[in-house]
Trainee: 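Shown below is the structure under consideration.
These numbers come from the heavy atoms of this one structure, side chains and all, not from hydrogens, waters or symmetry mates. Indexing begins at 1, ligand by ligand and atom by atom, following the structure's order.
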Amino acid sequence: MGDENRDKQLGMDRPIGRRDFLNGVAIVVGSTMAPGLLPGFEWMTEDAAIFPQDRPGYYPPTLTGMRGSHDGAFESAHAARDGNLSSAAGSAIETGEIYDLIVVGGGISGLAAAYFHYKKNPSARILILDNHDDFGGHAKRNEFHVNGHMLLANGGTVSIESPFPYSAQARGLLSDLGIEPAKFEKKYDDSRVYKSLKSAYFFDKETFGTDRLVVGGPAPFGRQGSVSWPEFLGKTPLSEEAQKDIARLQEAKVDYLPGLSSDEKKDKLSRMSYKDFLLKFVKVHPAVLPFYQARPHGLFGVGIDAVSALDCWGLRFPGFQGMNLSPDPYRRMGFTAMGEATPEKEPYHFHFPDGNASIARLLVRALIPDAATGNTAEGIVTAEFDYTKLDSKDSSVRIRLSSTAVRVRHLGEPTSAKEVEVSYAREKKVYNVRANAAVLACWNMMIPYLCPELPNAQKEALRYGAKVPLVYSVVAVRNWKAFDKLGIQRVSSPGMYHTGVGLDQAVSIGDYKCSQTPEEPILLRMTRTPCMPGLSERDQHRAGRGELLTTSFETFERNIRDQLSRILSAGGFDPARDIAAITVNRWPHGYAYEYNPLWDPDWPEGQRPCDIARARFGRIAVANSDAAAAAYTDQAIDQAYRAVHELA
Ligand SMILES: Cc1cc2nc3c(=O)[nH]c(=O)nc-3n(C[C@H](O)[C@H](O)[C@H](O)COP(=O)(O)OP(=O)(O)OC[C@H]3O[C@@H](n4cnc5c(N)ncnc54)[C@H](O)[C@@H]3O)c2cc1C
C-alpha cells in the first residue's frame, strides 16, 4: 500500500487538534513566519498589551498536540544559553516590582518553596516565574472532553510514590494539602472496571520477524502471571534458543557468582550492566536481549545496556532468584525498590487522575485561594481554575507564566547585597524584578547561564547531570471495545516506537469518574524513551533530547496511529474512526539525572555534584529535584524546604 493510502487508512487526514497553540494563539503547523520577528522568536505573539494568561478563558490543560516542552517554552532559555540575550538583559524594562522572594520555576519544587516561605511569613510577597504556559513543571494536567466526558491524564509526574518513605516535611506538606496517599489509594482505586482484562505482549515484525499479539502470560517484574513461562513463550515468535534461555533465566535457581558473600556479589553486580550479566554470567543467547532491552526504560530512560545488574535485581528482574542476595538495599544502588518494603513504613503509591498535577493545583490554591474553587484534596480534581487570578496585583503571591528567567544577580557583592535582581524574557521583551532573595527551583543545568557569578566548581557541578528525555503520549479514544474484545488492558511492545500502551489507570475521586464501560471514551497511555544503546547513560540522554526536539508532531502521530492499528485491529480498532485527540507530552529535560554506578565515580559523602551544586550563594538558594539527583516529588519538596530554610 502506498504511503498516502496508508496515511488515509490511519486517519492522518482526520480533524483532530494538530495545531500548536502558543501562548493562547493558534499557529498552524507549516504556516509561514510572521514578518519582522527575530529568528528563533517566531512563536511570540505581536500584542503583549494583555498577556495571554490574563485573558479570560485562558486554560492550558485542554490544549492538545505537542505539549510538555511545547513550542514557545524553551526558545528564550536556549537563547540565554547561547549568549543571545545578554544585551537584552542589560537594557531590560524595569517593572518596579519588589518581592520578598522570587522563585524561578513553577514545578512542585518551586510551588513548595513558595508554600514553605508563605507558611512562615503569611504577608510575604512572592513571585513565581515559569517558562511554560501552565504551572506544575513536569506535574502537568492533560484535560480532554470527549462526547460529554471529562478525561484526565498526567502529562508528566504520575504518582505519589517513592522508593523511600516521604520525609516529615514532604509528608507534612501533603497533609497540609489534605492528601492522605495510603487512604486515597484504597478508597479511590476503580480498577475493578478492567478486572477481567489481562496484560499482553506485542511482538513487532521489525524486531521479532512478525507482528503478533500474545494475550496473558507471566506478568513482568516477577509477579505471578496466569500461564507458565514455557506455555507463554511457545505462543511468541521468539526462536527456540531464545525461548529456552528465557525460561531458564526466569525459572532456574542458579548462583551465577558462587563463592562470594552477598555484599561482594552486590558490589560486582553494581559494576556490570544487566545486559552483560545476561550474556556473560547467565550466558543467554543474544536473541533473548530484545525481549528485555526496554524493560527499565520507564524508570531509567535507558535500556538494559546502561542499567546496572544490581538495580535490575532491585526491580525484580529475573536471574537473581538463586543468588542468595540479602533483601536490604546496597550503597551503590540507584533508586530502585528492593529493600524498601518493611511493615513499619507506610507505602505510597497514589495516582490522582491528572497525576501530581493535583498536588501542583492544591499548592496554587493554597497560595492564591481566589484562583480555584473548592477546599478539599478530592475536589481539586474537578475544581475550576481562573488563570487570570494567578498574576493579579491584588494577590501577595503571583505566578507569572511564559516567563523565562535569563539572569539572576545580586545588586552588589553577594556577601553583602540586600537585594537580587531577576531578569526574565516574556513575549518579545526582557523585564527586571527585584527581591530580598531568590530560590532557583529550575533545572540545574540552566543555573550557570542565569548566574555566571557563581564559583566555577559550583557551575561545573550544576552542569554534571543530563536530564532524562521521555515522552508520555496520551490518546483519547471514543471507546475501548477493542481492548474489551481482545481481553487486554496493557500491552508491552518492547520493539516499537512507544514501548507500551495501556488503558488509563482507573481512579474515581470526588466528582470525577473514570471510564466505566467499554462503550465510553477513555485515554490510552503510551510511553517512548529515546535512547541510543552503546553510549554512556548521559550521552544517551543528550542524543535522545536531540531526537525529541527535532521530531515533528506528525511523526509522533503517524507512529501512534500505526502502532495502535497493528496492536488492536484484530479487536475492531480503526485509528481513523476511533481516535478523538492526541497529546504528545514531550520532555527533552525529564527526570533528574540519578547517578549510575556503571559510569559515575563513587564520590565520598557530601561530594556528589548535586551536593556541591546546591550550595547557597548569598541571597540565592537552589531547589528542584536535580538538587537531590533524584526524580521524585518528595525530593523536589525536600529540596524546596532546605532552600527556603537556608535563606531564612
Ligand atoms: C514524564 C515524567 C514522569 C514522572 N513521574 C514521576 C512519578 O510518578 N513520581 C514522582 O515522584 N516523580 C515523577 N517524576 C519526576 C518529577 O520530575 C518530580 O516528581 C517533580 O515533579 C519535579 O519537580 P521540580 O519542581 O523539581 O522540577 P520540574 O517539574 O521540572 O519544574 C521546574 C520548572 O522550572 C522551569 N524552569 C527551568 N528553567 C527556567 C527558567 N530559566 N525560568 C523559568 N522557569 C524555568 C521548568 O521549565 C519547570 O517548569 C516524573 C518526571 C517526568 C518528566
Trainee: Between Ser473 and His498, do the side chains contain a donor N or O and an acceptor N or O under 3.5 Å apart?
Mentor: yes
Trainee: Step by step, would you call Phe116 with His645 a ring-ring contact (aromatic ring centres under 6.0 Å, His included)?
Mentor: CA-CA 9 Å; Phe116 288 129; His645 282 78; 7.0 Å; no
Trainee: Taking the six-membered ring for Trp, is the centroid-to-centroid distance between Tyr497 and Phe556 below 6.0 Å?
Mentor: yes
Trainee: Can you work out which protein residues put a heavy atom within less than 4.0 Å of ligand 1?
Mentor: Val104, Gly105, Gly107, Ile108, Ser109, Leu129, Asp130, Asn131, His132, Gly136, Gly137, His138, Gly156, Thr157, Val158, Ser159, Glu161, Ser403, Thr404, Ala405, Ala441, Cys442, Trp443, Met446, Leu470, Tyr472, Trp587, Gly590, Tyr591, Asn624, Ser625, Ala631, Tyr632, Thr633, Ala636
Trainee: Just checking, is any N or O donor in the side chain of Arg538 or Asn596 under 3.5 Å from an acceptor N or O on the other one?
Mentor: no
Trainee: With ring centroids as reference points, do Phe135 and Tyr387 lie under 6.0 angstrom apart?
Mentor: yes
Trainee: With a 3.5 Å cut-off and no angle check, do the side chains of Glu378 and Tyr188 form a donor-acceptor pair?
Mentor: yes
